[in-house]
Asker: 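The following block contains the structure, expressed as structure tokens.
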Amino acid sequence: MALFRELAELAEALAKEPGRLKKRAAIAEAVRRVHEAAPGTEDAGRFALYLAGSPFAEADPRKLNAGGALLSKALLSVSGATSVELTAAYKRHGDLGAAGYELMDKAGEQPASLTLDDVYEAFAEMAVAKTTAAREALVIGLLQSATPLEAKYLLKLMSGDMRIGVKQSLVEEAIAVAAEVPVTEVRHAVMLEADLALAVHRAFAGALKDARMRLFHPLGFMLANPVDSPEEAAERFVGKSDIKATADPSTSLRFAQDDTSLDTVRIDAFLEDKYDGMRAQVHCGDSRHPGRVAIYSRNREDVTESYPDLEEAFSKVSEAGTGSLIFDGEILGWDLNEGRALPFAVLGQRIGRKRVSNAWREQVPVIFMTFDLLYADGELLLDLPLKERRNRLEAVVEKLVEHVRSPLTVDERKREPQGLMFPEPDGEGVERLLLSPSRLVESAEDIDRAYAEARARANEGVMLKAADSTYQPGRRGLAWLKLKRELATLDVVVTGAEFGHGKRAGILSDYTFAVRGPHYEKTGELLNVGKAYSGLTDTEIAEMSAWMMDHTLEDHGFFRTVEPLRVLEVAFNNIMRSDRHVSGFALRFPRIVRIRDDKPVNEIDTVVRVEEVYQSQVDKPRLSNGERDA
Ligand code: AMP
């Protein structure tokens, strides 16, 4: 039976080892050792899963439901430290696990006897625990039987962030080395089944080829790179045969040959409107789970319960005989009279709601605008060129469009205690599946015109997608470009907040925000770039303020540092170099465009992007002494 100590010791060593290959070798050796000590058990799989920082496999819907507040309370109880000591330790390390190590060290050493099975059992119980107190008791139980080093990594694992510079992709490589199988086979199995532990089992059993796609776990989303003008977009697609599916955006920005006129070269790319809604993946039509629907956000969260109207509509796919499907697209608030998208701010009011009343269904009707098909009836389509995926998508939508409907409102009395009984639509119901119009474009002028038309339809801009590109899950490749011509905005995370004045006295309404620093991957480094207070509605500010009270890390009276979890999109007039913030930059006249709870913190902008935007300014302003940036 493998000990958790082995995992904690390896994690500690990996955190100090900068070399990727050495890390991989160390992980591979450990996984092999654990496997050989207990072949055929769950040990090696769990070891790899935990090392990658996940308490449960991705396909497993269970959650620990243990936030920073709960973990801190348990740590205080086991270590006997005061909250002042915990705050000071947290401040020194910026990480609850490391703070825990320091505090537990003072509480004395325990013999290392905790097994991976013990950890698994406690996690399983936490997932079904009915009360916070019960969950806290389980964490206390774990920490009590842990050495300080084990406590450090238990806390990191439970908060889902190991910070040892080991991504899942490195663990996948190590599994391949350990079991002497090709890494592509390991990765493919993980993509199909979303279960790293199962992949370890399969790898050692020589059964990776038996992995079959399962629905109901999110695939990675393909992302786009920004361009600033139709000309730049056109240039990037010229000579697109040079753009390999895996082209690295950092290596080259221009693909046009010097002597090629843009007017004469055809661009083989599809153009669509860029909708300002919420990116989502819809899984439906599985005959083994008739009527089951799952909707995943870009954060890989299951958000189905927030969209019962879509769930009802897509549950009908099972009846249409298309087999299982995975759609990629955008959830949009929809103006039923005008037949066009509502502004994001309107949809935003529904995002995150767990119970959606008839009033909300009526006030903000939603539809799913699909633009890609990732899986159809037993076949994963990611490796097909976009033009073929598009053909398949059009055929499927044509078959389904009449079926995928649901009523605007439902008879709330018919709701069953455990969820919804899917009611038949009154009359026709609302068509919930729409196909994003798409066409081939040929020139910069063509793109320019389409951009103007998209803006006239109140969409954000346009997307360009190479017609022969494969779907690259989780990649921001060069095959998809987005063109939004307004001044750049940045996605940032709130790190602190100040109380406001006047009618905002007592409300945390002025936010300090940060971008990812160069050492983010390893240490979670975030660098502040600005401060903003305008742009949100009173309701949003009240909600943010309450959240920040609950997620305060340090209370300095007027100012509080908060857990860096809330992502904002901020606009600004320009960027200047400044020593006011640790990033070395400050934004001038920043304003909040919107709250972006749909975007994970590990995808916010980086200080490198800030530098790029800074460099792209014709006049690069410097902050004069004493000038305020907000
Ligand atoms: P951003 O959030 O600025 O990185 O832009 C990428 C986002 O654009 C995606 O995550 C989608 O939510 C969104 N998007 C809107 N329309 C489309 C479209 N037609 N194709 C792909 N993505 C789109």
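For this chain, numbers begin at 1 and follow the sequence in order. Both ligands and their constituent atoms are indexed starting at 1 by order of listing.
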Asker: Would you tell me which option among Glu330, Met463, Lys465 has the nearest heavy-atom contact to atom 13 (C) of ligand 1?
Answerer: Glu330
Asker: Can you sort out the partners of Thr370 under side-chain contact (heavy atoms from CB on, under 4.5 Å), two or more places apart, ordered by chain and number?
Answerer: Phe327, Phe368, Leu393, Val397, Leu433, Leu435
Asker: Can you tell me if Glu569 has a non-hydrogen atom under 4.0 Å from ligand 1?
Answerer: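 No, Glu569 has no heavy atom closer than 4.0 Å to ligand 1.
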Asker: Hey, is the main chain of Val303 close enough, under 3.5 Å, to the side chain of Ser297 for a donor-acceptor pair?
Answerer: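 Side chain of Ser297 to backbone of Val303: no pair is present.
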Asker: Kindly state each residue pair satisfying ring pair (Phe, Tyr, Trp, His ring centres under 6.0 Å) with at least one member in residues 293-312, sequence neighbours excluded.
Answerer: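 Every pair satisfying ring pair (Phe, Tyr, Trp, His ring centres under 6.0 Å) with a residue in residues 293-312: His283-Tyr296.
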Asker: Find all atoms of ligand 1 within a distance of less than 4.0 Å from any non-hydrogen atom belonging to Arg596, and give their numbers and elements.
Answerer: 2 (O)
Asker: Out of all atoms in ligand 1, which are within 4.0 Å of some heavy atom of Trp480? Include the element for each.
Answerer: 21 (C)
Asker: Starting from atom 4 (O) of ligand 1, find the nearest protein heavy-atom neighbour and note its residue, name and distance.
Answerer: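 Nearest neighbour among protein heavy atoms for atom 4 (O) of ligand 1, to 0.1 Å: Lys482 NZ, 2.5 Å.
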Asker: I'd like to know if the side chain of Tyr471 pairs up with that of Asp383 as donor and acceptor (distance under 3.5 Å, no hydrogens or angles considered).
Answerer: no
Asker: Name the closest protein heavy atom to atom 21 (C) of ligand 1, giving the residue it belongs to and the distance to 0.1 Å.
Answerer: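 Going by distance alone, atom 21 (C) of ligand 1 is nearest to Phe371 CZ, 3.2 Å.
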Asker: Hey, which atoms in ligand 1 end up nearer than 4.0 Å to a heavy atom of Lys274?
Answerer: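 Listed by number with element, the hits are 3 (O), 5 (O), 7 (C), 8 (O), 15 (C), 16 (N).
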Asker: Note the single closest protein heavy atom to atom 16 (N) of ligand 1, along with its residue, its atom name and the distance in Å.
Answerer: Tyr275 N, 2.9 Å
Asker: Could you check Tyr533 against Tyr511 for ring pair (Phe, Tyr, Trp, His ring centres under 6.0 Å), going step by step and ending with a plain yes or no?
Answerer: CA-CA 6 Å; Tyr533 57 90; Tyr511 315 125; 9.5 Å; no
Asker: Under 6.0 Å from the NE2 atom of His188, do we count more than 12 heavy atoms belonging to anything else shown?
Answerer: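 For His188, atom NE2 is not crowded (no more than 12 foreign heavy atoms under 6.0 Å).
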Asker: Would you mind running through ligand 1 and noting each atom that sits below 4.0 Å from a heavy atom of Asp273?
Answerer: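 By the 4.0 Å cutoff, the relevant atoms are 16 (N), 18 (C), 19 (N).
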Asker: Could you check atom 19 (N) of ligand 1 against the protein and tell me its nearest heavy-atom contact, residue, atom and distance included?
Answerer: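 Among all protein heavy atoms, the one nearest atom 19 (N) of ligand 1 is Glu272 OE1, 2.8 Å.
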Asker: Considering non-hydrogen atoms only, spot the tightest contact between Leu481 and Leu478 and give its length.
Answerer: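 Distance-wise, the nearest heavy atoms are CD2-O, 3.9 Å.
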Asker: If we only count N/O pairs under 3.5 Å, is Arg298 in contact with ligand 1?
Answerer: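 In this structure, Arg298 places an N or O atom under 3.5 Å from an N or O of ligand 1.
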Asker: Based purely on interatomic distance, does Arg279 place a nitrogen or oxygen under 3.5 Å from a nitrogen or oxygen of ligand 1?
Answerer: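 N/O-N/O distance below 3.5 Å exists for this pair.
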Asker: Enumerate the atoms of ligand 1 whose separation from the nearest heavy atom of Lys599 is less than 4.0 angstrom.
Answerer: 4 (O)
Asker: Run the side-chain hydrogen bond (donor to acceptor under 3.5 Å, both in side chains) check on Ser436 and Glu272 step by step: do they pass?
Answerer: CA-CA 7 Å; Ser436 164; Glu272 292 165 35; 3.2 Å; yes
Asker: Is the backbone of Gly461 close enough, under 3.5 Å, to the side chain of Asn459 for a donor and an acceptor to pair up by distance?
Answerer: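 No: the side chain of Asn459 does not pair with the backbone of Gly461.
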